[in-house]
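Report on the structure given below.
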Amino acid sequence: MKKVQLQRYSGAQRSNHWAVVACFVCAGITGFALFHPALFWLSSLAGGPQWTRILHPYLGIAMFLLFLVMFFTFAGANVWRKEDSAWLGSAGKLVSGGQVPAAGKYNAGQKLVFWVFTLSLIVLLVTGLSFWQAWFAGSVPIGVQRIAVLLHAIAAFVLVLAVIVHAYAAIWVKGAVGAMVRGTVSAGWAKHHHLLWYRELTQGRPPKA
Ligand code: HEM
């Protein structure tokens, strides 16, 4: 029997998401190559050190702009609600196997990751522009640039950690990656993981096949 499917992401939303991921990987590789001599070998993946230095800021800006589209698409669904505090309070049960309170389209963990993405990308953009030698650095005091370099590295570290948590959770929750690949989830998946969203979509009526 064919499972009833519910739409979770449109084609445009999925393309947007995977374009952000591609930029994240490329900006990450070029950024790590510039970060420490031990990782300099990564610059050969971008066509050498000159290309690494040229491409890294443009890849970062592309990631920011593409994420901005995601931000406006998903910010509403990531606003903190009182059921999220309850969910977070019992998140330990996810590991011990207990029952967690019902979640909306996104649970509290996903919402926190969303806001960490947003904040770290803003810090990366603002600090990165301030020491971009080719364009703006000439008009920024050197003391400010030095602090910006430090904040840039911290924000990149936080973003990478958040992406690891995000990707791990996506793979751990069976059916979630399918949502971002095909755009749909089964009605059972929606009911099990995001009951309040399922109720919102179906308004108490059984979903059509
Ligand atoms: C290899 C890395 C990644 C994987 C495997 C992945 C996977 C996924 C999956 C499966 C979902 C759907 C979750 C659901 O519907 O419950 C999702 C949603 C999302 N992803 Fe990713 N993702 C990755 C990297 C990223 C990056 C780098 C960003 C942005 C910096 C990002 C931003 C988002 C956002 C904003 C959503 C919508 C959920 C929300 O608003 O909380 N993802 N991702």
Side-chain angles (χ1 to χ4, degrees), residues 3 5-32 56 58-81 83-85 87-88 91 94 100-128 152 154-201 207:
K3 278 189 199 161
Q5 296 290 311
L6 298 172
Q7 187 76 32
R8 191 154 167 88
Y9 297 108
S10 67
Q13 288 167 348
R14 283 176 279 145
S15 309
N16 188 188
H17 176 270
W18 294 116
V20 170
V21 175
C23 288
F24 169 80
V25 171
C26 297
I29 287 173
T30 50
F32 278 124
H56 178 72
Y58 289 106
L59 289 165
I61 289 175
M63 171 165 62
F64 182 87
L65 293 177
L66 287 163
F67 182 80
L68 206 58
V69 178
M70 289 192 86
F71 176 82
F72 288 115
T73 312
F74 297 115
N78 283 282
V79 171
W80 199 262
R81 296 183 203 287
E83 65 260 22
D84 296 317
S85 305
W87 191 97
L88 202 60
L94 285 174
V100 286
K105 183 164 187 187
Y106 299 113
N107 63 43
Q110 289 176 296
K111 289 184 181 185
L112 285 177
V113 167
F114 177 83
W115 292 107
V116 171
F117 281 163
T118 306
L119 198 70
S120 51
L121 281 168
I122 292 172
V123 175
L124 281 167
L125 180 80
V126 173
T127 54
H152 196 78
I154 293 171
F157 180 70
V158 170
L159 178 64
V160 169
L161 283 186
V163 171
I164 291 171
V165 170
H166 175 73
Y168 182 81
I171 294 164
W172 188 40
V173 178
K174 201 166 161 262
V177 175
M180 213 22 122
V181 174
R182 287 184 301 275
T184 54
V185 291
S186 70
W189 184 93
K191 220 173 178 173
H192 182 70
H193 295 289
H194 300 278
L195 181 63
L196 303 179
W197 176 65
Y198 172 83
R199 284 189 189 142
E200 237 170 71
L201 279 189

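Read the numbers this way: they start at 1 and go in the same order the structure lists the ligands and their atoms.
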Just so I know, are the side chains of V123 and H152 near enough to count as touching, which here means a heavy-atom distance under 4.5 Å? no
Within the 4.0 Å heavy-atom shell around V163, which atoms of ligand 1 are there? 27 (C)
Protein contact of atom 2 (C) of ligand 1 - nearest heavy atom, named by residue and atom, plus distance: A167 CB, 4.0 Å
Nearest protein heavy atom to atom 11 (C) of ligand 1, by residue and atom, and its distance? M180 CG, 3.9 Å
Taking the six-membered ring for Trp, is the centroid-to-centroid distance between Y198 and H192 below 6.0 Å? no
I'd like to check which ligand 1 atoms, numbered from 1 as shown, lie under 4.0 Å from a non-hydrogen atom of F74. 40 (O)
Under 4.0 Å, heavy atoms only, figure out whether ligand 1 is touched by the backbone of H166, its side chain, both or neither. side chain
shortest atom 33 (C) of ligand 1-to-protein heavy-atom contact is with H17 CD2, 3.5 Å
To the nearest 0.5 Å, how far apart are NE2 in H17 and OG1 in T73? 12.0 Å
Heavy-atom nearest neighbour in the protein, as seen from atom 12 (C) of ligand 1, with distance rounded to 0.1 Å: Y9 OH, 3.5 Å
4.5 Å side-chain heavy-atom contact, V181 and R14: no
Specify the protein heavy atom at minimum distance from atom 28 (C) of ligand 1: its residue, its atom name, and the distance to 0.1 Å. F117 CE1, 3.7 Å
Less than 3.5 Å between some nitrogen or oxygen of Y106 and one of ligand 1, yes or no? no
Quick one: look at Q110 and ligand 1, take heavy-atom pairs under 4.0 Å, and tell me if it's side chain, backbone, both or neither. both
For W115 together with F71, are the ring centres under 6.0 Å from each other? yes
If you count heavy atoms of other groups shown closer than 6.0 angstrom to CZ of F32, is the number above 12? no
Can you tell me the protein heavy atom closest to atom 29 (C) of ligand 1 and the distance? V20 CG1, 3.5 Å
Would you call F117 and V163 a side-chain contact if the rule is heavy atoms closer than 4.5 Å? yes
Identify, by atom number and element, the atoms of ligand 1 in contact range of V21, meaning under 4.0 Å from any of its heavy atoms. 23 (C), 24 (C), 25 (C)
Decide whether a cation-pi geometry holds between R8 and W189; the criteria are a distance under 6.0 Å from NZ or CZ to the six-membered ring centre and an angle within 45° of the ring axis. no
Judged by heavy atoms only, the candidate from H194, K105, K111, M70 nearest atom 34 (C) of ligand 1 is M70
For ligand 1, note which part of N78 has a heavy atom under 4.0 Å away: side chain, backbone, both or neither. side chain
Any side-chain heavy-atom pair of N16 and V20 under 4.5 Å: yes
Under 4.0 Å from a heavy atom of V177: which atoms of ligand 1 are those, numbered in the order shown and with their elements? 10 (C)
Which atoms of ligand 1 are found less than 4.0 Å from any heavy atom of R8? 14 (C), 15 (O), 16 (O)
Can you sort out which atoms of ligand 1 are near A176, meaning under 4.0 Å from one of its heavy atoms? 10 (C)
NZ or CZ of K105 within 45° of Y9 ring axis and under 6.0 Å: yes
Any side-chain heavy atom of F114 within less than 4.5 Å of one from H166? no
